[in-house]
Amino acid sequence: MAPPGPAGAHSASAEPLSRSIFRKFLLMLCSLLTSLYVFYCLAERCQTLSGPVVGLSGGDEEAGAPGRGVLAGGPREMAVWPAEGQRKRLLQLRQWRRRRRPPGRDGGEEAAWEEETPSLAGGPGGSGAGSSVAEAPPGTLELLLDEGSKQLPQAIIIGVKKGGTRALLEFLRVHPDVRAVGAEPHFFDRSYDKGLAWYRDLMPRTLDGQITMEKTPSYFVTREAPARISAMSKDTKLIVVVRDPVTRAISDYTQTLSKRPDIPTFESLTFKNRTAGLIDTSWSAIQIGIYAKHLEHWLRHFPIGQMLFVSGERLISDPAGELGRVQDFLGLKRIITDKHFYFNKTKGFPCLKKAEGSSKPHCLGKTKGRTHPEIDREVVQRLRDFYRPFNLKFYQMTGHDFGWDG
C-alpha cells in the first residue's frame with residue numbers, strides 16, 4: 001500500500017481543477033452575453049424594417065413606388081426618400097396625430113369625423129380598409145418640430161354654412177401638399193382686431209411647395225371680410241361651396257333645432273307675413289342663400305377667376321370629380337381620386353376609405369347628415385319661387401348652372 005503523498009501535492013492538483021472550472025464559467029458567460037447581444041441587435045433591426053406603403057397618387061403606379069406613398073417605417077427607411085418628401089410626409093402624419101375635433105361654433109360648421117370599419121377590399125392604390133398604415137415612430141416625428149414655418153393662408157374656404165365645407169376640407173387634407181387648420185379661426189369676422197401675427201400663429205407649419213388653408217363659412221356673408229382678406233393678400237384663392245339654398249336653409253334650421261328644441265317652426269320663421277307671402281330675409285337661414293347678393297361684395301375686391309365655386313350636391317354624388325377641380329384650382333397634382341372614396345348608404349354621403357395617417361375609414365360624424373324635419377310643401381315652393389331670380393343671377397355671375405331650378 002503506497003504511503004499517502006504530502007499535503008502540498010494534493011493542494012497543487014486541486015488548484016488546476018478550480019482554474020479549469022473558472023475558465024469554463026467565463027467562457028459560458030461570454031457566450032451567453034454574446035448571444036444576448038446578437039438577439040438584441042436582431043430584434044432592433046426587425047423593429048426598423050419597412051412597413052407597408054400606401055400609394056396616394058391615384059394612378060396605376062405600384063404602392064411603394066419612390067415618392068408616391070406614405071412612409072410607414074422608421075428613421076432608417078427615410079434614407080430611400082428624397083429629403084423634401086420625407087419632411088412633407090412626416091409633417092402630414094404629425095398633423096393627423098394631433099388632430100382634435102374643432103369646437104362647435106355658432107355660424108360655423110361643427111367638426112365631424114368618426115372612424116368606421118366597413119368591409120372594404122383593398123384597391124390597387126392600397127386604399128382599402130384591409131391594408132394598414134403604420135405611423136412613423138414618435139421620435140422620428142419630433143425631428144420635424146423645428147422644420148417648416150407658419151404662413152398666412154394662400155387659400156381659404158369662405159363659405160357657405162351647411163354647404164359641405166367641412167367635408168371638402170377633410171377631403172383636401174388627404175393631399176400631402178395641403179396643410180389646414182382644423183377649427184374655424186373666424187379671424188376676418190370676429191377676431192380681426194387681434195392682428196395678422198395672431199392669425200398666422202394659428203396656422204400649421206408648412207414646407208416649400210405646401211399650401212396653407214383654413215375654412216370659415218361665415219366669411220362669405222360678412223361685409224368686411226372681402227376687403228380684409230384682400231388687404232392680407234390680393235392673391236388669396238377663395239373657395240365657395242354652394243348648395244340648393246332651400247335645402248341649405250332647412251339644414252341650417254335643423255342644426256339650430258338640435259341645439260335649441262324650443263325654437264319656433266321653420267314655417268313661422270320663414271315669413272314676415274305668411275298670408276301675404278312675404279319672406280323674412282333678415283333670418284340668417286334665408287339670407288345666407290341669396291348667393292348673388294353676397295358675391296357682389298367679393299367681386300369688388302377679387303376677380304371671378306380667383307374664386308372657385310364647388311357644388312355641394314356634386315361633392316356628394318361625385319366627390320372625386322369636384323376634388324379634381326379643386327386640386328386644379330389650387331395648382332396641385334391630382335392625387336385625390338375616386339380610389340379614396342366609398343359611398344356610405346346609411347349616412348347618405350361619401351366617406352374616405354382611409355384618411356392620411358390612419359388605418360381606418362373616416363366618415364363625417366353624427367352631427368352631419370341629420371334627418372330634416374317635414375316642411376310644408378307650400379312653404380318649400382314659395383321659397384323656391386323666392387330664390388329663383390337670385391339663383392339665375394348667381395348662375396350668370398359664376399358662369400355655371402347649378403341646376404337648383406330644374
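Starting from 1, each residue takes its place in the sequence as its number. None of the values given here were measured: they were computed from a predicted structure.
Among residues at least two apart or in separate chains, there is no salt bridge (charged side-chain N to carboxylate O under 4.0 Å, His left out) pair with a member in residues 216-240. A salt bridge (charged side-chain N to carboxylate O under 4.0 Å, His left out) check over residues 270-280, counting only residues at least two apart or in different chains, returns the pairs R274-D376. Sorted by first and then second residue, the side-chain hydrogen bond (donor to acceptor under 3.5 Å, both in side chains) pairs with a member in residues 298-307 read H297-R300; sequence neighbours excluded.
Under the 4.0 Å criterion applied to side-chain N and carboxylate O atoms, D385 and R388 are assigned as salt-bridge partners. The existence of a salt bridge linking E184 and R190 is excluded, since no basic side-chain nitrogen approaches an acidic carboxylate oxygen closer than 4.0 Å. A salt bridge is defined here as a Lys NZ or Arg NE, NH1 or NH2 lying under 4.0 Å from an Asp or Glu carboxylate O, and D244 with R384 meets this definition.
R179 contributes a side-chain N or O that, together with a main-chain N or O of R205, makes up a donor-acceptor pair within less than 3.5 Å. Put simply, the side chain of Y199 never gets that close to the backbone of P185: no donor and acceptor are under 3.5 Å apart. Between the side chain of K150 and the backbone N or O of P204, no donor-acceptor pair lies under 3.5 Å. A donor-acceptor contact shorter than 3.5 Å links the side chain of R248 to the backbone of K161. A donor-acceptor contact shorter than 3.5 Å links the side chain of T34 to the backbone of C30. Between the side chain of T270 and the backbone N or O of F266 there is at least one donor-acceptor pair closer than 3.5 Å. Judged by distance alone, the side chain of S35 and the main-chain N or O of S31 form a donor-acceptor pair under 3.5 Å. Proximity of a side-chain donor or acceptor of R243 to a complementary backbone N or O of K162 within less than 3.5 Å is detected. With H175 contributing its side chain and K333 its backbone, the two residues share a donor-acceptor pair below 3.5 Å.
With sequence neighbours excluded, no residue forms a side chain to side chain contact (heavy atoms under 4.5 Å, CB included) with P261. Remark: D401 pairs with Y395 by the side chain to side chain contact (heavy atoms under 4.5 Å, CB included) rule, at least two apart or across chains.
The two residues K215 and R166 make their nearest non-hydrogen contact at CE-NH2, 3.6 Å. In terms of heavy atoms, V241 sits closest to G163 at CG1-O, 3.3 Å.
Residue E267 places its CD atom among more than 12 non-hydrogen atoms of other residues, nucleotides or ligands, all under 6.0 Å distant.
Side chains of D252 and I288 form a contact here, defined as non-hydrogen atoms less than 4.5 Å apart. Side-chain contact between Y291 and F390 is absent, with no heavy atoms from C-beta onward closer than 4.5 Å. With a 4.5 Å cut-off on side-chain heavy atoms, H340 and V174 count as touching.
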Exercise. Kindly indicate, with the supporting measurements, whether the criterion side-chain contact (heavy atoms from CB on, under 4.5 Å) is fulfilled by L295 and M307.
Key: CA-CA 10 Å; L295 181 56; M307 303 181 72; 3.8 Å; yes
Quiz prompt | Residue pair T337, L323: steps toward the side-chain contact (heavy atoms from CB on, under 4.5 Å) verdict | solution = CA-CA 8 Å; T337 68; L323 264 293; over 6 Å; no
Exercise. Show your working on side-chain contact (heavy atoms from CB on, under 4.5 Å) between W404 and T247 and close with a plain yes or no.
Key: CA-CA 10 Å; W404 300 322; T247 308; over 6 Å; no
Would you list the atom pairs, donor with acceptor, under 3.5 Å between side chains in residues 151-159 and any protein atom, with sequence neighbours excluded?
residue, atom, partner, partner atom, Å
Q151, NE2, S149, OG, 2.7
Q154, OE1, T212, N, 2.9
Q154, NE2, L152, O, 2.9

